[in-house]
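Just so it is clear, the values below take in all heavy atoms, side chains as well, and ignore hydrogens, waters and symmetry mates. Lettering of chains follows the sequences in order, A, B, ..., and the numbering in each one begins at 1.
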Amino acid sequence: MYRIRIHGRGGQGIKMASRVLGSALFHAGFNVQDAPKYGAERRGAPIFSYVRAARAPINERGTIYNPDLVVVADDTLLAVPAAGTLLGLDAHTVVLVNSHQSADTWRQRLNIDGSLLILPAGTETEDRAALPHIGATCAGAAACLLGVIDRDVLAKAIDEELAELGPDTVTKNRTNALAAFDAMADQRGCVEEGAAIAATDYVPPEWVEMPLDAARVSAPIIRASGNSVEVRTGLWRTIRPVIDYDHCKHCWWVCSTLCPDSAITVTDNTPIIDYDHCKGCMVCAGVCPPHAIAGEPEYLAQQRETSLTEREGTDATDTADR
Amino acid sequence: MPPTLLTGNAAAAWGARLAEVDYVPAFPITPQTEIIETLGGWLDGGLMPGRMVTLESEHSMLTAAGAAAATGVRVFSATSSQGLLYAMEMLYTVAGWRAPFVLVNVSRGLSAPITLEADHNDILAARDSGFLQLHCADCQEVLDSVLLAYRLAEDPQIRLPVLVNLDGFYLSFTREPVSLPEVEEVRKFLPPFDPMGIRFTASAPESQAVAVLGGGPYSYFRYETHLAALNGVAVYEQVAAEFTTLFGRNREAVESYRTDDAEVVFYMIGSFATKAREAVDRLREAGEKVGLLRPRLLRPFPASLIATALTGKQGVIVIDQNLSVGHGGILHTELLACLYGRPGAPPVVTSFIGGLGGRDISPQEFYHMVTVTRQAISSGTVPPPRLLYTAAELREVRKLQAIATVEREETAPGRKAADDTGAVQETADE
Ligand code: SF4
Ligand code: SF4
């Protein structure tokens, strides 16, 4: 059975990627199971999807813990432990990362021995959550790595799965996916079907006896005052509003009043954005009368900060943007 | 038609479309929403006749469903979790009306704490309502069960609403190959609803009332509902046999997978049962004689079918994806009641609670449940019920609790309660 996991962010077409790959495998004669897995349904949140494909009926179900192929559509997720991109990797797993960095860089950073391939990332966009057609591009590359999907079957799967989005979108996605498919030609078929976990010599689960705790501790309730500030909602941001103080008229109230997250404070008539909590909705940019607030891709802002930090040899002050 | 890839939600919607339902009262809730969105799209696009009405709550939705079914039209609705419980008063009421319709429940654990993922406490809360219940293990079965459910509901001997259950995420959002029967084929299996003279029309208005009654008549009507439900086992078996003849798929009231020569049998409901099937195959490869018994029909409870299938087995492993707080697993309790005193009943029945809030059950856990049960068979001592829960999971909770404690200390210094840290530390150090 092929077991494939695809990681990305809400808005990047990760569910679509699993559907394209699922449909292509289905047309190639496999039994297929594909599904997205997400928690909070919002743009920018880490999500993953998965595909199982086998010649026999599939009885496995749910998250894949022993993947043959892991596709990471957004390399910023590799540093987010909760995204679980590295879950269950072993020596046979192929990891495909959409990145500007080299395979060696990632192999070293992640300390993994298995096969790690790079899908060269396209030009950076304003909003990473809207990276153009990245889901389909990843599906195209993955289809080639599996080696059991023909080019025209991939094209057919894209046409079917994206039909609702209109012919222009279908064409763009098909072009990108086929280009990614071709770019992986040297590695075609490098992913191998993994085996099921055998019932002989299995590692027994480390079951525990559930302790009885006092109700104060064991009720799912946090009692503390003023703690919502601790939630770094700034981590959700894909675009960063940046105030150009040369053009800010210091009206002092428009952006700060209309920010839905109360993330703008005004000190001495000067608005200051709290990037720990700004979610990047860009309402402020839309309402500022002199158009003094611009949007910068969060990814680029972070790169700029990292290089600044490295040059100055000091710690970044803005921990929310890690 | 060759199979196509469909989610469990889409399969449920197809079930309603192929049953040619007249009326769909609706209210959205994760993870059910895709069902009514799909039906809404078809109804709007003229791809199916019928009418959808969005209500202001599940309570009203169930009332509308029951009322419409009582006028003799075919009704479909769907909900999940908190929505099903919000409608609970009306579940009992419309079942009491003997109003036949199909309600799909997409299982999701109940609050609090809140979760979006599946367990069966929602559907099992409706266990005693008078709704019959069908439980699905895969997406094909969702479609098939909706069709079977209408036959069951509308049978003149039964006339009760039916709940079809599918698990959130594991089925609702998961695509699998599903064969869509042609509507002509479905009509052969499921002819239009014959309300037997109960037909409300605008030109001939009638009123329907339910009387207030004392204990004697009340008992009569309640018990008649019960007898009708019990009769559902035989009716279901006959309808399922017809279904198999027409569509070729086995939909018996109780699925028996490799049970014939099995010594130890898994017993569970829902989509995780396919994981058990997988485990059975792997265990068989390792030489273990194991099988799986899975009721599709849970209400009425097919007691004698289950007892017969388990006669002579050495042990049964009951996996409950639910928890009756203060007692334990609901399937376990019901199975023991069904086996008690029967000659040849398995001497060992072990109880495991697993999959609460969508918590996964690993292959190794399935294997180990067999090991534990084998030990019980040879020692003659049945272990107490066990929650499937690992040391790593407890460590995660301890970490969260430690963070909560620190946060409390930081945000409200001086209000720190000694027992908070005490309890956490003590057990974390063990
Ligand atoms: S982008 Fe949105 S959240 Fe951030 S400061 Fe502007 S209005 Fe507030
Ligand atoms: S709304 Fe624009 S001009 Fe007014 S304070 Fe904000 S940034 Fe400055």
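Taking each heavy atom of B:Phe173 and A:Pro36 in turn, the nearest pair found is O-CD, 3.3 Å.
Neither the backbone nor the side chain of B:Ala279 comes within contact range of chain A; no heavy atom of the residue lies under 4.5 Å from a heavy atom of that chain. Looking at B:Pro113, the atoms closer than 4.5 Å to chain A (heavy atoms on both sides) sit in the backbone and in the side chain alike. Using a 4.5 Å cut-off between heavy atoms, B:Thr115 makes no contact with chain A at all. Only the backbone of A:Val203 comes within contact range of chain B, with at least one heavy atom under 4.5 Å from a heavy atom of that chain. Proximity to chain B (any heavy atom under 4.5 Å) is shown, for A:Ser23, by both the backbone and the side chain. In this structure, no portion of A:Glu160 lies under 4.5 Å from any heavy atom of chain B. With a threshold of 4.5 angstrom between heavy atoms, B:Val372 approaches chain A through side-chain atoms but not through N, CA, C or O.
Of the listed residues (B:Leu394, B:Leu387, B:Leu388), just one forms a side chain to side chain contact (heavy atoms under 4.5 Å, CB included) with A:Trp207, and that residue is B:Leu388.
The pair B:Glu278-A:Arg61 fails the salt-bridge criterion, with no side-chain N (NZ, NE, NH1 or NH2) lying under 4.0 Å from an Asp/Glu carboxylate O.
If you tally non-hydrogen atom pairs under 4.5 Å between each of B:Thr174, B:Val397, B:Val370 and chain A, the highest count goes to B:Thr174. Interface remark: of the candidates B:Glu285, B:Arg386, B:Glu117, B:Arg386 forms the most heavy-atom pairs closer than 4.5 Å to chain A. When the candidates B:Glu393, B:His368, B:Gln364, B:Lys275 are compared by the number of heavy-atom contacts under 4.5 Å with chain A, B:His368 comes out ahead. Contact tally against chain A (heavy-atom pairs below 4.5 Å) for B:Asp360, B:Leu283, B:Leu171: the top residue is B:Asp360. Considering only heavy-atom pairs separated by less than 4.5 Å from chain B, the leading option among A:Pro220, A:Ala35, A:Pro205 is A:Pro205.
The local environment of CD in A:Glu193 is crowded, with over 12 non-hydrogen atoms from other residues, nucleotides or ligands closer than 6.0 Å. Applying the 6.0 Å contact sphere to CG of A:Asn111 captures no more than 12 heavy atoms from other residues, nucleotides or ligands.
Side-chain contact between A:Phe26 and B:Pro3 is present, with at least one heavy-atom pair separated by less than 4.5 Å. Within the 4.5 Å cutoff, the side chain of B:Arg175 has no heavy atoms near those of the A:Ser18 side chain. Between A:Asp213 and B:Gln401, some side-chain heavy-atom pair lies under the 4.5 Å cut-off.
Rounding to the nearest 0.5 angstrom, the gap separating the OH atom in B:Tyr170 from the OG1 atom in A:Thr63 is 5.5 Å. One finds the CG atom of B:Leu5 at 9.5 Å from the CG atom of A:Asn31 (value rounded to the nearest 0.5 Å).
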Do B:Glu176 and A:Arg52 pass the salt bridge (charged side-chain N to carboxylate O under 4.0 Å, His left out) test, and can you show the C-alpha distance, the side-chain angles, and the key distance before you say yes or no? CA-CA 10 Å; B:Glu176 288 175 338; A:Arg52 290 187 172 88; over 6 Å; no
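There is no side-chain donor-acceptor pair under 3.5 Å between A:Tyr202 and B:Ser362.
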